[in-house]
Amino acid sequence: MTHTAPVTDWASDFDVMDPRYLADPFSIWDELRQSCPIPHTDRRKSSWMPLRYEDVTAIAHDVEHFSSLKVAVIPGDEDEEPDNFDGPNLEYGLPPISADPPLHTWTRRLLLPWFSHMRVDSYIPLTRDLCQSLLDGFAGNGQADAAAHYAQQIPVRVIARILGVSTDLADTFTGWVRDVLEFADDAERRQRGAEGLFQYFLDQLELRRQHPGDDLLSELLRTEVEGEPVDDGIVLGMAGLVLIAGVDTTWSAIGSSLWHLASHADDRRRLVAEPDLMPTAVEELLRAYSPVTMAREVTEDIEYAGCPMKKGDKVLMNFPAANRDPEAFEHPEAVQLDRAHNRHVAFGSGIHRCAGSNLARMELQVALEEWLARIPEFSLAEGQEITWAGGQVRGPRVLPVVFP
């Protein structure tokens, strides 16, 4: 496990894993936006972090100079395959998110139908039943960990259904995803998560070849691109992406939204009284508590906004900070559940905009609707610590709440 020194100068030596950053990145962004809107660090690897909406979206659209082949915010072992993995080449990473055109183009096209409005609507009954079942487990207790007992349990089970894998392994999947995303400074844990995840999907590919179903994995194995079957390494990468990107991100959004409602009684009571406001409120909660930061890699030496970026440097696409930029949003620090003009980039921008955004929105809305229908009054448990994860994905991992 790597331990780094505390940050003394956020402009020239930032650290997205610093305890202060994990607890409250917002004040750090606000301070830097005035003095140094694209801070730099040499921790782990030379990296830049644009904080303004204009810069984040401009870089997101410049795929020529900013590649998506390496999207990890914390440079780790992106160039290595899991040590004990006996399977196809994983050089493709997690397409389409870690791919540039043309691989990005056709892999994204294969995924989009699975996350269309019509397909996502078909997942709503499953999601409602799941949320109600989870609430049955603790609604009578007067207290719960809203992250561990609720938020973290929802997306993994929905994604398992899409992939056609057993929901009985939900806790195992969750462990692998957390190992890969949340423990970037722990190489052993990161490797363990990647090995478990890819070995599981490799075994599933063999099962689907023998017993195909109506799930995403079976569909990818049946698909041909330019007359050739899709390489197993690409299928594995796409399956890994759907699990990793579809689980941690959405449970973080659900958890952060529940944290907000637990700590802002007026907003909570307004949503209970005005349920028709929910779709607009969901967009505002996504803006205010965007969970995901992605990375790009500089393809050649370039000067951007006066910053001398070198080939191989990382650029951390700080979508959450962009969504708090006062140049783009009026009173960005305030959560306004009825915010009318809200061009947030919680799901990214450009060709890599999240393919699963429809699913994430649905899960967040249904999770909040069902919670508020069952537990309309709740608050943070006094004296109990709330734990936040950060780096690639920010959200509460321990969220103790109490209710009548």
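Worth saying up front: this structure is predicted, and the values here are computed from it rather than measured.
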Could you check whether any side-chain N or O of [X] sits under 3.5 Å from a backbone N or O of [Y], counting only pairs where one atom can act as donor and the other as acceptor?
X	Y	value
Asn323	Ala288	no
His264	His260	yes
Lys314	Val298	no
Ser257	Ala253	yes
Thr167	Ala170	no
Gln392	Thr293	yes
His352	Ala99	yes
Glu284	Arg339	no

Test: [X] and [Y] ion pair at under 4.0 Å:
X	Y	value
Asp55	Arg52	yes
Arg43	Asp13	yes
Glu369	Arg374	no
Asp15	Arg44	yes

Might you confirm whether atom [atom1] of [X] has over 12 heavy atoms from other residues, nucleotides or ligands at distances under 6.0 Å?
X	atom1	value
Glu206	CD	yes
Gln132	CD	yes
Asn141	CG	yes
Arg343	CZ	no
Glu274	CD	yes
Glu300	CD	yes
Glu188	CD	no
Glu224	CD	yes

Roughly how far apart are [X] [atom1] and [Y] [atom2], rounded to 0.5 Å?
X	Y	atom1	atom2	answer
Thr107	Leu112	OG1	CG	9.5 Å
Asp30	Leu51	CG	CG	9.5 Å
Leu205	Phe198	CG	CZ	11.0 Å
Leu110	Leu216	CG	CG	9.0 Å
Asp203	Arg208	CG	CZ	11.0 Å
Ile254	Gln153	CD1	CD	11.0 Å

Please confirm whether the ring centroid of [X] lies under 6.0 Å from the ring centroid of [Y].
X	Y	answer
Phe319	Phe347	no
Trp388	Trp259	yes
Phe14	Tyr21	no

Do you know which two heavy atoms are closest between [X] and [Y], and how far apart they sit?
X	Y	result
Asp215	Leu163	OD1-O, 3.4 Å
Ser116	Asn358	C-ND2, 3.9 Å
Leu380	Ser263	CD1-CB, 3.8 Å
Gly391	Met17	CA-SD, 3.8 Å

Is the Phe138 ring parallel, tilted or perpendicular to the His149 ring (thresholds 30°, 60°)?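 Tilted: the ring planes of Phe138 and His149 meet at 30° to 60°.
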Tell me, with the steps shown, if Ser46 and His40 meet side chain to side chain donor-acceptor pair (under 3.5 Å). CA-CA 7 Å; Ser46 176; His40 177 263; 2.8 Å; yes
Would Arg353 and Ser357 count as a side chain to side chain donor-acceptor pair (under 3.5 Å) here? Give the steps. CA-CA 8 Å; Arg353 191 180 179 282; Ser357 58; 3.3 Å; yes
Run through Ile159, Thr250, Val242 and flag the one making a side-chain contact (heavy atoms from CB on, under 4.5 Å) with Leu359.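 Of the listed residues Ile159, Thr250, Val242, the side-chain contact (heavy atoms from CB on, under 4.5 Å) partner of Leu359 is Ile159.
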For [X] and [Y], does a side-chain donor sit closer than 3.5 Å to a side-chain acceptor?
X	Y	answer
Thr174	Arg178	no
Thr280	Asp338	no
Ser68	Arg296	yes
His344	Glu283	yes

Identify whether NZ of Lys or CZ of Arg in Arg324 sits under 6.0 Å from the centre of the six-membered ring of Phe26 and within 45° of that ring's axis.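 Judged by the rule, Arg324 and Phe26 form a cation-pi pair.
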Starting from the C-alpha separation in whole Å, work towards a yes-or-no answer on side chain to side chain donor-acceptor pair (under 3.5 Å) for Arg397 and Ser252. CA-CA 8 Å; Arg397 294 297 169 264; Ser252 295; 2.8 Å; yes
Candidate pair Trp371 and Phe378, rule ring pair (Phe, Tyr, Trp, His ring centres under 6.0 Å), full reasoning: CA-CA 10 Å; Trp371 178 288; Phe378 63 104; 5.3 Å; yes
